[in-house]
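Heads up: the structure comes next, in structure tokens.
One-based numbering along the sequence shown. Whatever order the structure lists them in is the order used to number ligands and atoms, beginning at 1. Only a predicted model underlies this, so the values are computations on that prediction, with no experimental measurement involved.
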Amino acid sequence: MTHAWGWEAEEAVTIAREKVANAIGAVSREIIWTSGASESINTALKGVFNSYSSRGKHIVSCVNEHQAVLVTLRYLESQGAQVTYLPVNQMGEIDLEDLKRAMTRDTILISLMAAHNEIGVIHPLEAIGKIAKEAGVFFHVDAAQACGKIPIDVEKMGIDLLSASAHKFYGPKGCGFLYVRKRNPYVNLTPLIHGSSTHESGLRAGTLAVPLIVGLAKALDIAVKEMPQESQRLISLRKRLWKGLHEKLAISLNGHSAHRLPGNLNISFEGVMASDIIIQMKGVALSAGSACSSGSNQSSHALSTLGMSEAQALSSIRFVLGRFNTEEEIDYVIGRLIEVVTKLKH
Ligand SMILES: Cc1ncc(COP(=O)(O)O)c(C=O)c1O
């Protein structure tokens, strides 16, 4: 950079990189800016496979990962990768013994999400990281839903690569980051986007989206600082919502009751279609299944991996509570849902 205006932008990006690195226990040079979690995931999975497939072609993941991971893995399978998809139990948890057993001499990577987008279930990252270290394989974490919501420490958790999107923690849309471990061990990746080698240590070409990057870092900074109080507040709103509905309606909880994101509640309403409920809940932003498949009328793949029938899956709604939700709003939703579900049942 040769002029003051450029230096100013460069400094803003440097500060943003430090903030993001601090938020996850990394160092600045390990943060690569991307357009979002999908691009980060593609860079991580394809990059590891391209760089290390001469060592082995086996990858371990899970049946209920997000499409961004599943579809990328399917592409890698077409390129010669062998992928083991770990099953989950009824609460959406993997068995760590299954993970240990899945490891072969050919395994190069474990890719698991930190927290599930639909059922909010949190995987035991530290224990998984330990298994990955012992086996000498890389550990990639899709933290799109977890970053800024639950504590993440790449050192403590033995994470080698981590993907995230800014808009999930109230940052701008169209921006994300990929953490790539640069020490102990150094993870070598091939770039997904080729071009100028001066950008992002040659890992991602293209002019940086400086305003988005600055917004991402500020948003993550706020989310991490507010996390202890905010997660308690969300848990209490979630409990209020569950209690209010459970007292009056036949409902069941999907996913683990404790190992889940503070703001996530996924509920099946016995004998009623979720789509019929949602249509009548005007003014409330609700979805059945994942946001990416909303409007498709298909039952959720993630819920079917828990062993649920199609009818049960089609009667499920995912509630996501966020920073701007209040107790009054929760009470309004409880009241409306009781009215709507009771009417539909009759
Ligand atoms: C768990 C998970 N992974 C990946 C993604 C993809 O994120 P993006 O659409 O920002 O690329 C999402 C988005 O909803 C997600 O929930």
Side-chain angles (χ1 to χ4, degrees), residues 20 24 31-47 59 61-76 85-86 88 92-94 109-123 125 128 139-150 152 159 161-179 192-193 204 206 209 212-213 215-217 219-220 223 254-256 259-266 285-296 298 300-303 305-306 318-322:
V20 171
I24 61 165
I31 304 298
I32 305 296
W33 305 117
T34 66
S35 62
S38 296
E39 186 191 323
S40 303
I41 290 165
N42 271 265
T43 306
L45 302 185
K46 292 174 184 170
I59 298 170
S61 190
C62 178
V63 286
N64 71 8
E65 286 290 309
H66 190 272
Q67 292 294 314
V69 167
L70 291 177
V71 177
T72 306
L73 289 176
R74 237 169 271 146
Y75 166 75
L76 289 178
Y85 298 93
L86 299 174
V88 290
E93 299 170 301
I94 57 162
L109 175 69
I110 296 172
S111 182
L112 290 167
M113 61 191 357
H116 198 277
N117 45 310
E118 286 179 57
I119 49 175
V121 175
I122 298 169
H123 284 318
L125 298 180
I128 298 166
F139 179 27
H140 167 251
V141 172
D142 170 2
Q145 293 286 337
C147 198
K149 313 252 177 58
I150 55 170
I152 302 270
I159 297 169
L161 300 125
L162 180 135
S163 299
S165 265
H167 67 276
K168 305 287 189 195
F169 45 81
Y170 303 94
K173 283 190 169 76
C175 187
F177 70 89
L178 172 65
Y179 155 76
L192 187 67
I193 298 177
R204 202 265 194 178
L212 302 186
I213 290 167
L216 177 154
L220 187 56
N254 302 319
H256 199 281
H259 302 157
R260 71 188 304 140
L261 288 172
N264 175 291
L265 191 63
N266 193 311
L286 279 177
S287 69
S290 70
C292 325
S293 61
S294 63
S296 71
Q298 280 175 350
S300 149
H301 164 72
L303 294 181
T305 64
L306 308 183
R318 170 180 74 145
F319 297 85
V320 180
L321 313 178

| Side-chain donor-acceptor pair under 3.5 Å between S300 and E118, yes or no? |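 The answer is yes; a qualifying pair exists.
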| Smallest separation among heavy atoms of C175 and L216, with atom names | SG-CD1, 3.8 Å
| task | Indicate yes or no: at least one non-hydrogen side-chain atom of V88 is less than 4.5 angstrom from one of V121. | result |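 Contact flag for V88/V121 side chains = no.
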| query | Would you call P262 and I150 a side-chain contact if the rule is heavy atoms closer than 4.5 Å? | reply |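 Sidechains of I150 and P262: in contact.
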| Taking the inter-plane angle between the rings of W33 and F177 on a 0 to 90° scale, is it parallel (under 30°), tilted (30 to 60°) or perpendicular (over 60°)? | perpendicular
| request: Please say whether N117 places an N or O atom under 3.5 Å from an N or O atom belonging to ligand 1. | output: no
| query | Does any N/O atom on E39 come nearer than 3.5 Å to any N/O atom on ligand 1? | reply | no
| field | Proximal ligand 1 atoms for M113, defined as those under 4.0 Å from one of its heavy atoms | value |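 Under 4.0 Å from M113, ligand 1 has these atoms: 1 (C).
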[X] and ligand 1 - part of the residue with a heavy-atom distance under 4.0 Å:
X: K168; result: side chain
X: S38; result: both
X: H116; result: neither
X: A144; result: side chain

| request: Just do the side-chain contact (heavy atoms from CB on, under 4.5 Å) check on Q145 and H116 with the steps written out, would you? | output: CA-CA 7 Å; Q145 293 286 337; H116 198 277; over 6 Å; no
| task | Say whether Q67 and ligand 1 are in contact under the criterion: heavy-atom distance to a ligand atom below 4.0 Å. | result | no
| field | Nearest neighbour of atom 8 (P) of ligand 1 from the list A143, G36, A68, S165, on a heavy-atom basis | value |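 Among A143, G36, A68, S165, the closest heavy atom to atom 8 (P) of ligand 1 comes from S165.
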| Is the side chain of K168 donor-acceptor paired with the backbone N or O of A143 at a distance under 3.5 Å, no angle test? | no
